Each structure stands twice: as structure tokens, then as C-alpha cells.
Amino acid sequence: MPKPKIGLWIVGARGGVAVSAAVGLSALRQQLTPPVGLVSALPEFSHLPLPDWDQFVVGGHEIRSCSLSSEAARLHRESRVFNESLLEACREELEAVDSRICPGTIWNVGETIRKLADGPALEQEDASPQQIVERLQADLTEFKQVNDLQCVVVVNLASTEAPVPESDWPATWEEAQQSLASADCSFPASTLYAIAALDLGFPFVNFTPS
């Protein structure tokens with residue numbers, strides 16, 4: 001019986017942390033690197049039915065139009081994070097992940113992050129936050145269905161946003177829903193991603209301190 005596949009959907013899918021994760025997963029899958037530093041690989045966890053590396057399928061949202069391979073090459077040039085032979089061995093899998101990356105959103109991200117955007121995310125100015133959430137959910141749902149995934153875990157690895165004043169946050173979910181329909185909704189993009197995931201019943205991990 002085939003093992004179930006697990007979706008890993010990364011927000012900020014072409015950022016440095018996300019690229020490192022994608023290269024690392026590919027290298028582990030191909031046994032090109034040992035699982036050094038991974039707590040789940042220790043003997044104490046060997047009795048747990050943890051998924052194998054080849055059970056993960058990676059996709060994500062991104063506001064930039066670069067490729068994973070080009071970003072990995074940049075990390076090699078500037079920081080020597082990876083070696084060239086490893087990147088070449090992982091190239092095919094990185095290209096496959098690239099094909100599963102969709103345009104993200106720049107709603108209320110602040111000017112610094114907005115300047116990073118050079119892709120279709122810039123075309124969302126007329127959409128309401130609720131419409132953006134629905135678009136993000138359509139991407140997540142298609143990812144799960146097309147790849148026949150048992151579940152999808154959404155992980156926010158995007159750039160850290162400026163904090164939203166506490167007074168701008170709604171006190172209840174009902175107020176939040178009303179805010180999503182408003183053109184002056186104060187929710188940042190990270191909150192829209194979280195709402196999109198959680199409303200679908202998908203686990204959401206906020207790695208970024210937004």
C-alpha cells in the first residue's frame with residue numbers, strides 16, 4: 001500500500017529559509033546528506049511512525065518571480081551555504097517545486113516588502129481581503145487535490161511585517177469577517193494566509209515573527 005503524501009506549503013517559497021529547506025529535503029531524499037541536527041532522526045524517535053522524506057510534496061506562495069535554483073545559486077555565491085554539485089543534483093526537484101508555486105499577496109505588507117514584489121501579486125490592488133483569502137484557498141485546495149495529498153501543512157517563512165497596532169485588531173471572529181470585506185482592512189498578508197489555511201482546516205505554522 002502506498003504511503004500517504006503530505007503537502008508542505010511555504011509562504012515566501014523562494015526566500016532564503018524556504019530555499020534552504022527545499023534543497024535540504026531534496027538532498028535528504030536522495031541520501032546526499034545525513035540528517036545531522038534533526039531531532040526527529042534520533043534513536044529516541046525511531047519507534048514513531050514519522051513520514052519518510054519522499055512523502056513530502058512542496059509548493060507555496062511567493063511575491064517574486066525568481067526561481068528556486070537561481071536563489072540557491074545566489075546563496076552559494078554570497079554565503080557558500082551549498083556546494084555546486086549538491087545544487088546540480090537537486091536542480092530537477094527544485095524545478096518541480098517551482099511549478100507548484102503561486103502568486104502571493106502584498107496586502108498591507110509595508111513598503112519594504114512591497115518593493116520585493118515583481119510578480120503577479122502586484123495585480124491585486126482592486127481585490128478585497130476576502131477575495132484574496134478565497135484566491136489563496138483555491139491555490140491550497142488545488143495543490144491538495146492535484147497531488148493527491150493526505151493533508152497540507154502551511155508554513156509562513158515570508159519576510160517579517162511591521163507590527164499592526166493592537167487597537168486595529170478585531171475582538172471577535174465575527175468582527176474579523178466583517179473587516180475582511182472592507183477596503184481598509186488592517187490585516188497584514190500573514191493574517192490572510194493564516195485565515196486561508198485555518199478556514200480550510202489546514203495546520204498553520206507561523207515561523208516568521210509577524
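Keep in mind it's a predicted model, so treat the numbers as computed, not measured.
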Using atom types as modelled and distance alone, determine if a side-chain donor or acceptor of S26 lies under 3.5 Å from a backbone N or O of V23. no
With a 3.5 Å distance limit and no angle check, can you tell me whether S128 reaches the backbone of A183 through a side-chain donor-acceptor pair? no
Hey, could you give me each pair passing side-chain hydrogen bond (donor to acceptor under 3.5 Å, both in side chains) that has a residue in residues 43-55? Not counting sequence neighbours. K3-D52
CG of L200 to OG1 of T141, rounded to nearest 0.5 Å, is 4.5 Å
Has T105 got a side-chain atom pairing as donor or acceptor with W107's backbone, closer than 3.5 angstrom? yes
Taking S70 for its side chain and S67 for its backbone only, find out whether a donor-acceptor pair lies under 3.5 Å. yes
Listed by chain and number, what are the side chain to side chain contact (heavy atoms under 4.5 Å, CB included) partners of A162, not counting sequence neighbours? none
Any salt bridge (Lys or Arg N to Asp or Glu O under 4.0 Å) involving residues 4-21? Give me the pairs, sequence neighbours left out, ordered by first then second residue. R14-D98
Mark yes or no for whether Y193, through its side chain, and V155, through its backbone, hold a donor-acceptor pair below 3.5 Å. no
Quick one: side-chain hydrogen bond (donor to acceptor under 3.5 Å, both in side chains) partners of Q178, sequence neighbours excluded? none
Hey, is the main chain of E84 close enough, under 3.5 Å, to the side chain of E88 for a donor-acceptor pair? no
Under the side-chain hydrogen bond (donor to acceptor under 3.5 Å, both in side chains) rule, collect the residues that match up with S79, sequence neighbours excluded. none
Could you tell me the separation between the CD1 atom of I10 and the CD1 atom of I101, rounded to the nearest 0.5 Å? 8.0 Å
Distance in Å, R64 CZ paired with D118 CG, rounded so as to fall on 0.5 Å steps: 8.0 Å
Excluding sequence neighbours, so at least two apart, what forms side-chain hydrogen bond (donor to acceptor under 3.5 Å, both in side chains) with R100? none
With sequence neighbours left out, which residue pairs that include part of residues 142-162 fulfil the side-chain hydrogen bond (donor to acceptor under 3.5 Å, both in side chains) condition? N156-N206, E161-S190
Distance col, row L50:CG vs F45:CZ, nearest 0.5 angstrom, shows 8.0 Å
Do any N or O atoms from the side chain of R135 and from the backbone of P103 form a donor-acceptor pair under 3.5 angstrom? yes
Using side chain to side chain contact (heavy atoms under 4.5 Å, CB included) as the criterion, list what pairs up with P163, not counting sequence neighbours. none
Considering only residues two or more places apart or on different chains, which pairs with a residue in residues 15-29 satisfy salt bridge (Lys or Arg N to Asp or Glu O under 4.0 Å)? R29-E93
Those residues at least two apart in sequence (or on a different chain) that pass ring pair (Phe, Tyr, Trp, His ring centres under 6.0 Å) with F187 are W169
Would you say the side-chain atoms of N83 and H76 include a donor-acceptor pair closer than 3.5 Å? no
Only counting residues at least two apart or in another chain, list the ones meeting ring pair (Phe, Tyr, Trp, His ring centres under 6.0 Å) with F204. none
In the structure I gave you, are the side-chain heavy atoms of L75 and V19 within less than 4.5 Å of one another anywhere? yes
How many angstroms lie between atom CD1 of I195 and atom CD of E134, to the nearest 0.5 angstrom? 12.0 Å
Checking E78 now: which residues fulfil side-chain hydrogen bond (donor to acceptor under 3.5 Å, both in side chains) with it, not counting sequence neighbours? R74
Check whether N108 reaches the backbone of S186 with its side chain - one donor and one acceptor, N or O, closer than 3.5 Å. yes
